[in-house]
Amino acid sequence: QVRLAESGGGSVQSGGSLRLSCTGSGFTSTRYCMAWFRQAPGKEREEVASMEIDGSPNYSDSIKGRATLQQDNAKKSVFLQMSSLEPGDTAMYYCALRLQWVEDDAGRRCTGPYKYWGQGTQVTVSS
C-alpha cells in the first residue's frame, strides 16, 4: 500500500522559515513525481511545488523565490524549504505522488493525476 508521510509543519511568525518533509513507502518504482499542494480554509487547493521525473523543480508564482524543493530518491523523500513566510502561506500542506510516466521523443515525464496523497501538515504564519 502506497503511503506518504509528511512532517515539518508548525507555527512561525512572519518572515520565518519551515522545512516540510515527505517520505513515500509501499512502492518500488524509481521513476515518480512528488509535489506539494496547500489548501487554506475557504480556498481551492493550490499546487505550490513539484518535482519533474528528471529532478527539476517547478514552483508556483505564489512561492517562487521563497522556496526550494529537493528530492532524495534513495529515501523516496521530497523536502520543501520555505523562507520569508507570510500569513498568506497559512494552509494545510499536502504531499502528493504520481507513479505513471511516459517516454517519448521529448524524454520521460510523469503523466496523469496525483493518485496518492498524504494526510497533510499544518503551516500557520502569524503577523
Can you list every ring-ring contact (aromatic ring centres under 6.0 Å, His included) pair that touches residues 70-95, not counting sequence neighbours?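 For residues 70-95, and leaving out neighbouring residues, there are no ring-ring contact (aromatic ring centres under 6.0 Å, His included) pairs at all.
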
Tell me the side-chain hydrogen bond (donor to acceptor under 3.5 Å, both in side chains) pairs involving residues 110-122, sequence neighbours left out? Gln122-Thr124

Could you list the donor-acceptor pairs under 3.5 angstrom formed by side chains in residues 11-30, with sequence neighbours left out?
residue : atom : partner : partner atom : Å
Thr23   : OG1  : Ser77   : OG           : 2.8
Ser29   : OG   : Arg31   : N            : 3.1
Ser29   : OG   : Arg31   : O            : 2.9

Would you say that Met51 contacts Cys33 through its side chain, given a criterion of any heavy-atom pair below 4.5 Å between the two side chains?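 A side-chain contact under 4.5 Å is absent here.
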
Close side-chain approach of Ser50 and Trp36, heavy atoms under 4.5 Å: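 No, side chains not in contact.
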
Could I get the full list of salt bridge (Lys or Arg N to Asp or Glu O under 4.0 Å) partners for Arg108, not counting sequence neighbours? Glu103

By salt bridge (Lys or Arg N to Asp or Glu O under 4.0 Å), which residues pair with Glu44, not counting sequence neighbours?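 Here no residue qualifies.
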
Residues in side chain to side chain donor-acceptor pair (under 3.5 Å) with [X], at least two apart?
X      : result
Gln71  : Asn73
Arg109 : Asp104
Ser60  : Ser62

Quick check on the hydrophobic clustering: are Val102 and Leu99 connected, directly or via other members, by side-chain heavy-atom contacts under 4.5 Å?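 Cluster IDs for Val102 and Leu99 differ.
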
Side-chain polar contacts of residues 82-91 - donor-acceptor pairs under 3.5 angstrom, sequence neighbours left out - could you list them?
residue : atom : partner : partner atom : Å
Ser83   : OG   : Arg66   : O            : 3.3
Asp89   : OD1  : Arg38   : NH1          : 2.9
Asp89   : OD1  : Arg66   : NH2          : 2.9
Asp89   : OD2  : Arg66   : NH1          : 2.8
Asp89   : OD2  : Arg66   : NH2          : 3.4
Asp89   : OD2  : Glu86   : N            : 2.8
Thr90   : OG1  : Pro87   : O            : 3.0
Thr90   : OG1  : Val125  : N            : 2.9
Thr90   : OG1  : Val125  : O            : 3.4

Sequence neighbours left out, what pairs pass disulfide bond (SG atoms under 2.5 Å apart) with at least one residue falling in residues 38-81?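 Every candidate disulfide bond (SG atoms under 2.5 Å apart) pair involving residues 38-81 fails, so no pair, neighbours aside, qualifies.
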
State the CD-CZ distance between Glu46 and Phe37, to the nearest 0.5 angstrom. 10.0 Å

Tell me who clusters with Trp101, hydrophobic residues only, linked when side chains sit under 4.5 Å apart either directly or through other members.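 Its cluster mates, by chain and number, are Ile53.
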
Partner residues of Asp54 under the side chain to side chain contact (heavy atoms under 4.5 Å, CB included) criterion, sequence neighbours left out: Glu52, Ser56

Reference residue Met34; test side-chain contact (heavy atoms from CB on, under 4.5 Å); the match among Leu69, Leu97, Leu80: Leu97

